[in-house]
Amino acid sequence: RKLFFDTHALVCLLEENGFTTQQSEVIVSALVKIMDTNLDMIYKDMVTKVQQEIALQQVMSHIGGVKKDMIILEKSEFSALRSENEKIKLELQQIKKQVMDEITKVRADNKLNLNLEKSRVKELVSSGYFILHAQQDRALTQTDRKIDTEVADLKTMLESHKLDNIKYLAGSVFTCLTVALGFYRLWI
């Protein structure tokens, strides 16, 4: 710490302006003490370059630790999301299989009913009972309506399951994207 101040020149200047030598020296010594005190206070608040580098090293090590923790957390979150997606995929496959089994079952029932109706009509015709043409048309129309109703119900049920599957899939995708963007944003 150096004081760039010419005290003798100030004493001479004060003497030229009417102060005695003793007064000039007292004023200059008071000014030097004030400046020393001020410099002491300023230097007390300052940090050395070595202290600043140590603090920077500590901060960088803390940042490195946080980065490692974030990577570990990210990997665990993504693995949890993957396992959740796999569970949802398995559930969707099971639901699809159940729907297909139901459709096959209803088709078989309808074919059986249709074949029964055909055989009943053939029996009536072969045994000599003739039914009026209008009654046959009515019975066939009712059978067609039953078949159409069953097919429409199946289509509705299939569409409903398709929409549910799409909802679950979209929810999973958006959840993954949200988590990924969150980690991306935290990382940057």
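Computed over heavy atoms, backbone and side chain alike; hydrogens, waters and symmetry mates excluded. Small disclaimer: the values here were computed from a predicted structure and weren't measured.
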Applying side-chain contact (heavy atoms from CB on, under 4.5 Å) to N113 and E117, what does each step give before you reach the verdict? CA-CA 6 Å; N113 287 340; E117 284 295 319; 5.6 Å; no
Run the side-chain contact (heavy atoms from CB on, under 4.5 Å) test on E16 and L13 for me, step by step, so that the C-alpha distance in whole Å, both residues' side-chain angles and the decisive distance to 0.1 Å come before the verdict. CA-CA 5 Å; E16 288 174 9; L13 180 67; 4.3 Å; yes
Go through the steps to decide whether T7 and V32 satisfy the test side-chain contact (heavy atoms from CB on, under 4.5 Å), and finish with yes or no. CA-CA 8 Å; T7 55; V32 168; 3.8 Å; yes
I would like to know whether V99 and K97 meet side-chain contact (heavy atoms from CB on, under 4.5 Å); could you show each step before the answer? CA-CA 5 Å; V99 168; K97 185 177 179 181; over 6 Å; no
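The heavy-atom pair separating S24 from L14 by the smallest distance is OG-CB, 3.2 Å. For the residue pair Q51 and T48, the shortest heavy atom distance occurs at OE1-N, 3.0 Å.
Rounded to the nearest 0.5 Å, atoms CZ (R145) and CD (E150) are 15.0 Å apart. Remark: Q142 CD to K146 NZ distance equals 7.0 Å, nearest 0.5 Å. For the atom pair CD (E86) and OG (S172), the distance works out to 10.5 Å, reported to the nearest 0.5 Å. Between the CD1 atom of I147 and the CG atom of D109 there is a distance of 11.5 Å, given to the nearest 0.5 Å. Between the NZ atom in K162 and the NZ atom in K155 there is a gap of 10.5 Å [rounded to 0.5 Å]. To the nearest 0.5 Å, the span separating CD1 on I34 from OG on S29 amounts to 9.5 Å.
Using a 4.5 Å heavy-atom threshold, the side chains of T20 and Q23 count as touching. Q52 places none of its side-chain heavy atoms less than 4.5 Å from the side chain of L56. Proximity of L169 to N165: side-chain heavy atoms (C-beta onward) are nowhere separated by under 4.5 Å.
Taking a 6.0 Å sphere around CZ of F183, one finds it holds more than 12 heavy atoms contributed by other residues, nucleotides or ligands. In this structure, M157 places its CE atom where more than 12 heavy-atom neighbours from other residues, nucleotides or ligands lie under 6.0 Å away. For E53, the CD atom sits in a packed shell: over 12 heavy atoms of surrounding residues, nucleotides or ligands are nearer than 6.0 Å.
Hydrophobic clustering (ILVMFWY, side-chain heavy atoms < 4.5 Å, transitive): V179 and V173 are in distinct clusters. Both I27 and V11 are part of a single hydrophobic cluster, where members link through side-chain heavy atoms under 4.5 Å apart. A continuous path of ILVMFWY side-chain contacts below 4.5 Å connects L39 to M46, so both sit in one hydrophobic cluster. Taken together through direct or relayed side-chain contacts under 4.5 Å among Ile, Leu, Val, Met, Phe, Trp and Tyr, I166 and L158 form parts of separate hydrophobic clusters. There is a path of hydrophobic side-chain contacts, each under 4.5 Å, that joins I95 to I103.
Using a 3.5 Å distance cut-off with no hydrogens or angles, the side chains of T21 and E15 do pair a donor with an acceptor.
With hydrogens and angles disregarded, a donor-acceptor distance shorter than 3.5 Å links the side chain of T104 to the backbone of M100.
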